[in-house]
Each structure stands twice: as structure tokens, then as C-alpha cells.
Amino acid sequence: MTTITIEFEKGGVFTARLLETEAPRSCAIIRERLPFAYRFHHSIVSGQAVVTLPPDMTMPRENQRVAGIYPGALSFLVKDEPVLVPDEIYIAYGIFISRGLTVDAKQPVNVFGQIDDNLDELAKIGRRILMQGAEVVEFR
């Protein structure tokens, strides 16, 4: 099992396991890109999650879900140009349903990783980003 470390700029370090059986191509892209860091903002539409729009990363669709995305899930929304959806990485910290401003209000994501421990701390960080603004998050 491959694990990665996720560290938030204003405090908070988590270990996530990559879901290599469920999303092998997505996990390979993440592993190849490590280390990387992006500025994450709070999600506007999909619920309790932080999100970034990586300008230099995309991946194929696999292991796609709209619901059943648990707190601690790491997911990737694959670019969909016809409906103006950009590439996005999400870190869910609570109730998260991938939905967009599309006709059916659904936009499935690749679920590629899972943080299993310290989910209460992750929720505090999610609320911190909601109330205090964006933070850089490093994946390594």
C-alpha cells in the first residue's frame, strides 16, 4: 500500500493511502508528480471539501462517483470542456456530493485516495479554510 503525506500551510499533517486497486491510473499520475503543492479554497457547490484547480495536471476518468464519497476522500474532477468544467482536486472533510453547474447537476470525480485518521482535525482545518481563506497544501 502506497501512502502520501498531505500538509496544510497553517498546520495539519495527514497520511493518505492511495487507492491503487480502484484508481491505478490516477494514483500513478499522483505518484509521478510528487511532491507538489497548490492553493486550496473551500468548495462552493459540492459541500464540505477544499478544492484546487491544478493548471498543470489532468487524468483519465476512472473509479468515478458522485455520492458515497467519505470524509477524508481525495478525488479528482476531470476536465469536461463541453460543460466548462476544469480539472479540480478535492479533499473532503465532511458531507461531499460531487455536483456542478451542469444540466443534471452531477459531475463525477475519480476517488484516488483516503485519509483514515484524525478526521476531526481535518474537519477543523476545512472549517478554518472556510472562515479564514485559502491555504497552500503540499502533497509528498
Side-chain angles (χ1 to χ4, degrees):
M1 172 177 60
T2 302
T3 61
I4 60 173
T5 299
I6 299 170
E7 184 170 358
F8 289 80
E9 173 182 14
K10 295 181 182 172
V13 179
F14 300 87
T15 299
R17 59 188 166 86
L18 293 181
L19 304 177
E20 295 174 298
T21 301
E22 297 90 337
R25 294 177 295 168
S26 299
C27 291
I29 291 167
I30 294 297
R31 278 193 321 274
E32 289 168 8
R33 293 294 315 279
L34 294 173
F36 60 84
Y38 297 110
R39 181 168 295 281
F40 277 73
H41 301 263
H42 199 276
S43 174
I44 296 170
V45 177
S46 295
Q48 295 175 323
V50 295
V51 61
T52 191
L53 283 68
D56 57 351
M57 185 188 301
T58 193
M59 44 183 76
R61 289 174 175 78
E62 67 177 349
N63 188 26
Q64 294 229 298
R65 298 183 217 167
V66 173
I69 302 167
Y70 301 103
L74 309 178
S75 59
F76 196 96
L77 175 62
V78 179
K79 184 179 202 172
D80 190 350
E81 290 187 21
V83 292
L84 304 175
V85 171
D87 288 316
E88 298 175 347
I89 299 172
Y90 286 91
I91 303 171
Y93 68 85
I95 297 170
F96 176 79
I97 299 173
S98 182
R99 58 184 182 245
L101 302 175
T102 58
V103 173
D104 62 1
K106 296 178 183 174
Q107 202 65 49
V109 293
N110 295 0
V111 179
F112 67 86
Q114 182 67 42
I115 298 169
D116 293 314
D117 297 322
N118 300 319
L119 295 178
D120 289 341
E121 181 67 19
L122 183 62
K124 288 178 188 174
I125 292 168
R127 289 189 295 275
R128 178 178 75 206
I129 292 172
L130 173 64
M131 300 307 292
Q132 297 177 14
E135 294 183 22
V136 173
V137 180
E138 182 181 5
F139 289 64
R140 57 181 191 273

If you measure from [atom1] on [X] to [atom2] on [Y], what distance do you get to the nearest 0.5 Å?
X	Y	atom1	atom2	result
T2	R31	OG1	CZ	5.5 Å
L19	Q114	CG	CD	7.0 Å
I69	I95	CD1	CD1	12.5 Å
K10	Q132	NZ	CD	5.5 Å

Stepwise, does the side chain to side chain contact (heavy atoms under 4.5 Å, CB included) test hold for I30 with L74? CA-CA 11 Å; I30 294 297; L74 309 178; over 6 Å; no

Parallel, tilted or perpendicular, judged at 30° and 60°: which one describes the rings of Y93 and H42?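 Y93 vs H42 ring planes: perpendicular.
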
Kindly assign one of parallel, tilted or perpendicular to the pair F36 and F139, based on the angle between their ring planes and the thresholds 30° and 60°.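 It falls in the parallel class, under 30°.
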
Sorted by chain and residue number, the side-chain contact (heavy atoms from CB on, under 4.5 Å) partners of Q64 (sequence neighbours excluded) come out as R61, V78, P108, N110

Within the distance-only criterion (no hydrogens, no angle test), does the side chain of [X] pair as donor or acceptor with the backbone N or O of [Y] below 3.5 angstrom?
X	Y	answer
E62	V111	no
T52	R39	yes
R65	S75	no
R17	D116	no
E7	V13	no

Determine the sole option in V137, V136, L53 for which the side chain to side chain contact (heavy atoms under 4.5 Å, CB included) test with F40 is passed.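 Testing F40 for a side chain to side chain contact (heavy atoms under 4.5 Å, CB included) against V137, V136, L53 leaves exactly one candidate, V137.
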
Looking at every heavy atom in both [X] and [Y], which two are closest together, and how far apart are they?
X	Y	result
Y38	I89	CE1-CD1, 4.2 Å
L18	C27	CB-SG, 3.7 Å
H41	I129	C-CG2, 4.0 Å
G11	I125	O-CD1, 3.4 Å
S26	P60	OG-O, 4.2 Å
F14	N118	CE2-O, 3.4 Å

Using a cut-off of 6.0 Å, state whether more than 12 heavy atoms not belonging to [X] lie near its atom [atom1].
X	atom1	result
D56	CG	yes
K124	NZ	no
L34	CG	yes

Step by step, work out the side chain to side chain contact (heavy atoms under 4.5 Å, CB included) result for F96 and I91. CA-CA 9 Å; F96 176 79; I91 303 171; over 6 Å; no

Heavy-atom distance under 4.5 Å between the side chains of F8 and L122, does that happen here?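 In short, these two side chains touch, coming nearer than 4.5 Å.
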
